[in-house]
Every structure is written in structure tokens, then in C-alpha cells.
Amino acid sequence: MDTNEPLEPPSEFIIKVQDINDNAPEFTHGPYHATVPEMSQVGKSVTKVTATDADDPVYGNSAKLVYSILEGQPYFSIDPNTAVIKIALHGMDREMREEYLVVIQAKDMGGHMGGLSGTATVTVTLTDVNDNPPKFSKSIYEFSIPEDLGLGKAGGRVKANDRDIGENARSTYSIIDGDEKDIFKITTDPETQEGILLLKKPLDFESKKSYTLKIEAANVGFDPQFSSGSPFRDTATVRVTVEDSDEPPVFSLASYLLQVHENTDVNTIIGQVSAQDPDAAASPIRYFIDRHTDLERQFNINVDDGKITLAKPLDRETDMWHNITVTATEISRAVVAIKVLDINDNAPEFSSDNEAFLCENGKPGQSRTKYAIDKDDQRNGHFFIYSLVPEMSNNPNFTIKNNIDNSISVVAKHDAFRRQKQEMYFLPIVISDNGNPPLSSTNTLTIRVCGCSNDGAVQSCNVEAFVLPIGISMGALIAILACVILLLVIIVLYVTLRNHKNEPLIIKDEEDVRENIIRYDDEGGGEEDTEAFDIATLQNPDGVNSYLPRKDIKPDLQFIPRQGQDTGSNGVDVDAFITVRLHEADNDPTAPPYDSIQIYGYEGRGSVVGSLSSLETNSSDSEQNYDYLRDWGPRFRILEDLYLMSEGDRDT
């Protein structure tokens, strides 16, 4: 303790931990999957599993493992030391069971009591081998094939089932007997593994109506372990019945050569064609010429016997050869009776007119019976249900009652029915049937209040006696009213037409004689034509002696025309007449200008340069200022020179 030095050198101790069995075996690669061929021999190895134990394998038996099968017996066994799984049962068939679940246990301590254990699952799948032959589902197959079936077309299919899968189930089909004429062949459908019966040669119902074939299905491959030197195979019988088809007629020759002299008479027989129906029925034949090959229709053919005749004369120099096509068809007839079946598509309705009569002096409870009809088929019988529309269910005047004979009784609730008060009543009634689906219709029943005798017989249903006591009938009153209305319409139309007449442009008191001028479209004969018209009519005495104001313009000042001179119709001074008209036009701005004997309206206002007429002013040329003509451009140069020259130049 004083020097702090050890009394002796340090000692070294080795401590060894002794193992105990505290770890269970483990399968580190599980779960396991394995395959083995079906029908394998007993003892054939399937797979091997391995488990590990973390305990010390040297000390004791803590890591010594022993394997056993907990599930999977009696099909499989396992070596307890090597853990190799083997086949334990003979004849394991995949087609019976394909998959097995095997539970393996690994236990330490050499499998003794107290050891720890672990388990693993092994899924064993049996793989297929060719151990099953193909098998037809039926021993005899029957097919009906029409005789006009095309070559290479399928006439039927057969199937040989093989319980194997994949390549082991592939089969080929062949015809081994019954096809001496080599008419059929059979092939294999690679998708469905069916045998397809095909035609190699055409069938003929008239020659042979049935065939019996023997076919065989054989596996493509085989396993010598399961078959004795040859593939598995199976056979079946195929019976083929040939159906008769409606074949077209057959001509006796494929082509015909006919000769005829040119200019032979029309309707002369030049030859004949013949065809027969190959069917057993041997139907009659009709012949026709294809007009596409005889556009000029030079030949005809008898539809019954095929004789060809001339329709037009032939000319060898025009056409030496004529090629026509003749068709032959069969005649067949059949009577087809078509019956239309009924469905419930008609709603019931009243059988007669929708009217009923009620006595105005009748007692409460009086009734009238109505019947309904249904246009649909009555095979199962009709049953009708009558009801009031919902809004009329509490009708104060009437009620209805369904009768067992499909009729309805309309019953009055009171006796206060009077024609003077109300002549007719309208009662909406719903009629339904019992069809599938049920249909209904709403029919309005018109109930008339009529006068009746003591025994209830209807006497009168009109109210004329109460409305027209003076004895005028309703028809006569309607006729009178119609005449009055027609007369009023005529008067209104007459007044309307008078008010819509067009007023003339110039107001005048008397008729203007210028209305008598007749306008001709032909050109006159000039000065020599003295009979065209009378110029005296232009004087218009009414226009001279009276002032006719214009209605299209408003005058700026009032003008009083002078009185005209009377001139006879035969002594007309045209020059004086035109001079008077020019003077009046110059002094009356409201009157149209008289540049000629034609009467024109006023000139338009669209010109930007104003009017060129001298008739609008009463001043002389010397008082006018024409300097504005210089601004009108070169087109008015001649007019400018004419009006702007000096008075001396103009006199010269």
C-alpha cells in the first residue's frame, strides 16, 4: 500500500461458455416448390430440404437434426438424415390429382424427447406424361351436307378428347375407310384440336345420297413407357347425308352454233337450245335472252321450248357474227298464307253513338244501358270495367253501375231534370279491358233530357217549342240570320272599295279631254301622216279656261292664267299654240315647262349645276350672267364660247 506495487504478477483466466439447447432448427429457404412426373416409380427423388440449428454441433446433441413428414403421407417419404423427399406411392396420376402439400419437420437432440423442432412446407406438382389416349365423345357422328357446298368448305367437325395437356394432347385425324372416291378429307384445327371434315370433290345428290366414313384420331407423340410401340389412337364412324339443293338448269351443250341466211323472214326459227333441271323434282324450264348481249333486239326466244326466232332481218355485210347469251330458269310456285296474330292494342269504346236519353219527368233511379266493344280478338273473352273519371267521381246528377254482361247502367240521382234549365249533360266514363297489358279509354257520354210519354217512350228532345213559341223553326231562323250577315258583308266591301280609289294628280272639275289620246307603239308616218291624231286635242280647253293647280309641288305665288282663245278643230295654229304655252310656262313657276308638245314633270333636284332650260326665267339672254360656265370644265367649252361671246360677235 505504501509503494503501490503488486505483490505478485497478474494471473490469466480462460472462461468457456457451455452451450445448452436453446435454439430450434430453422428452414432458411422455405417454402419449397418441387415437380415430379406423374406415374413415377416408388423411391424416385422429388427434392431435398435443409434446416440449420444455431446450437453447438460439437457439444452434445443440441444441433443433431432428424427429419420427418408431418403431412403428405402415404404419397411421399423423407430420409431422416439427408432430408431427401421421395415418391412413396405407385401410380400417382396427374389427371386424378395434380398438386400435393407436404409438411416437413426438423427436430434436434437426435429426435429424442425434449428436442426443439421447426417445420417447412413443400408444394409438389405432378407434371404430365402421355399416358392417356385420345377418345371420341361419340362412336357415330352424323352430318347433313348440301350438295352445293363449295370445295374446301367445312361439312362438319369431330373431337377426340385427350386427358393429357400440351403436346401430349395433340392428335391428328385421318379417314381410314369409306371414302373410295376420295371426296372428303379431314384436317386438325390447331386451336381447338378438332377434326374438320372438308370437301375435295363436289357432291351430287342425284348420284349418291349418303356416305359412311371411318375416321381415326392418333396422338402425335407417344411415350414407350406407357404405349406399346405406337401412339395412342381411337376410331369413330361418320355418316354423311347429302341434301338436295335447288341447282340451276344445265344446258345440253356449253355453247351452240346456229346458221341463218341473211334477209331471212322475221319470226323464222333459226335454232333451239335445251336445258334440264338436274334436281329430282325436274321443274319446268323457262328460257330468256340476256338483252345486254342483244342490244338491238334482233332475236327472240320461246320461253317454253327454247326456240330462237328472228325479230329483225339480218344483213351479213353489216354483222357476220352475233353472239347472244341464253339463260334458263326453273319455275316453282308456293302458296304462303300469312296470319296476323292479335295483341291488345285497341282500347274498348262504346259500341254505338255516345248518347243516352233521360226523361225530364222521370223518377229518381231511372237508368240507361250502354255497351262497349273491343276490336281485339275475343278468343279469351273480354271483360270491361267502367268507372267515372276521378274528378267526376262525386257527380251530383248521375252514378254508374257495372253489369255482368259487360254493359254499364247510367242511373239518375234525382228527378229535377228540365229541358228549359239544361238540355244536355256530359259524363266522362273510363272503360278498361282485361288484356295484357290492360288498355283504357275515356268516352264522354252525352245525356239528353227529353220529353217522354207516360210509359217512358221518348217523344221530343228539342227545345224549339220553348224558345220559338211563334212557330218559326230553328232552321228558318238560322237561314234569316245568314242572309242578314251576307248583306252586311257586301255593304262593307262596297264602301271599302270606294274609299280606296286613287285620286288623280291634278284636281279638275270636268273630264280632261287628253284622256282620249290613244298611245300607239308603231312609228308615225311623218309630215305626210295627217290621220295619226288630231293636234287640236292638245289644246285642252279645260286646262286653258280653268286653272288646274299641281298637287305634287306647293306654289310660291298665286298665278292667274289668261283666258284662252277658241280655235276650231280644223283651223289649228300650232305656232301660236306653242308660243302661248311657252309664255304661260315662263310666267307660272307652278306649271310644268313646255319645251315641246310633250308634257314633262318638273326637273329633278339632283343636278349640282342647276337647270339648263331657259324656260324657267322671264329674263332675256342679255340679262343673264354665264360666267359660271368657265368652272364646269372642258366638256362645256363649246357652251361657254356660245353664251359668253359679245353681242357684236353674236350679231356677226
Side-chain angles (χ1 to χ4, degrees), residues 143-156 179-185 197-213 239-340:
F143 300 112
S144 295
I145 303 177
E147 64 174 330
D148 58 352
L149 183 67
L151 300 182
K153 299 294 183 179
D179 189 21
E180 295 82 4
K181 296 184 178 181
D182 197 24
I183 296 178
F184 301 94
K185 70 175 180 179
L197 189 64
L198 305 175
L199 281 183
K200 293 174 61 179
K201 296 180 181 180
L203 298 174
D204 187 6
F205 174 82
E206 290 71 26
S207 299
K208 191 172 183 179
K209 297 178 175 59
S210 63
Y211 296 86
T212 301
L213 309 177
R239 293 177 180 174
V240 178
T241 301
V242 181
E243 295 180 348
D244 188 20
S245 300
D246 188 11
E247 298 178 275
V250 178
F251 282 97
S252 58
L253 298 175
S255 62
Y256 295 83
L257 176 61
L258 305 180
Q259 296 179 349
V260 58
H261 293 286
E262 62 178 334
N263 297 327
T264 301
D265 294 337
V266 175
N267 295 328
T268 301
I269 299 175
I270 63 173
Q272 184 178 11
V273 297
S274 176
Q276 291 183 348
D277 183 12
D279 297 326
S283 302
I285 307 298
R286 294 178 67 88
Y287 302 89
F288 302 93
I289 293 178
D290 186 355
R291 292 304 177 183
H292 292 91
T293 61
D294 184 23
L295 297 177
E296 298 181 2
R297 295 184 175 270
Q298 295 178 303
F299 304 94
N300 289 328
I301 190 170
N302 190 298
V303 296
D304 297 320
D305 56 17
K307 292 181 179 179
I308 300 175
T309 58
L310 286 180
K312 295 180 180 179
L314 301 180
D315 186 4
R316 192 199 67 84
E317 287 72 25
T318 302
D319 286 309
M320 183 177 178
W321 288 95
H322 298 271
N323 295 309
I324 62 174
T325 300
V326 177
T327 59
T329 60
E330 300 177 17
I331 302 175
S332 58
R333 295 180 179 87
V335 177
V336 179
I338 301 175
K339 180 180 180 181
V340 181

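Proximity of Asp304 to Arg286: side-chain heavy atoms (C-beta onward) are separated by under 4.5 Å at one or more points. Taking 4.5 Å as the limit, some side-chain heavy atom of Asp315 sits within range of a side-chain heavy atom of Glu262. Using a 4.5 Å heavy-atom threshold, the side chains of Ile324 and Asp290 count as separate. Counting heavy atoms from C-beta on, the side chains of Phe205 and Asp148 never come closer than 4.5 Å. Contact check for Thr329 versus Pro249: no side-chain heavy atoms found under the 4.5 Å cut-off. For the pair Val326/Phe288, no side-chain contact is recorded, criterion being any heavy-atom separation below 4.5 Å from C-beta on.
Within a 6.0 Å sphere centred on CD of Gln272, heavy atoms belonging to other residues, nucleotides or ligands number more than 12. More than 12 heavy atoms of other residues, nucleotides or ligands shown are found within 6.0 angstrom of NZ on Lys208.
Note that the CD1 atom of Ile270 and the CD1 atom of Ile301 stand 9.5 Å from one another [nearest 0.5 Å]. With rounding to the nearest 0.5 angstrom, the NZ atom of Lys209 is 9.5 Å from the CD atom of Glu147. Between the CD1 atom in Ile289 and the CZ atom in Phe299 there is a gap of 8.0 Å [rounded to 0.5 Å].
Side-chain N or O atoms of Thr325 include none that pairs as donor or acceptor with a backbone N or O of Thr293 at under 3.5 Å.
Salt bridge status for Arg297 with Asp294: absent, with no side-chain N to carboxylate O gap under 4.0 Å.
When all heavy atoms are compared, the tightest approach of Gly155 to Leu149 is CA-CD2, 4.1 Å. The shortest heavy-atom contact between Val240 and Ile145 is CG1-CD1, 3.5 Å. The two atoms that bring Val273 and Ile308 nearest to each other are CG1-CD1, 4.2 Å, heavy atoms only. Minimum heavy-atom separation, Ala275 to Ile285: O-CG1, 3.8 Å. Nearest heavy-atom pair, Leu310 versus Leu314, reported as atom, atom and distance to 0.1 Å: CD2-CD1, 3.6 Å. For the residue pair Arg239 and Thr212, the shortest heavy atom distance occurs at CG-OG1, 4.3 Å.
Applying the side-chain contact (heavy atoms from CB on, under 4.5 Å) criterion to Pro313, with sequence neighbours excluded, gives Val266.
Using cut-offs of 30° and 60° on the angle between ring planes, the pair Tyr287 and Phe251 is tilted.
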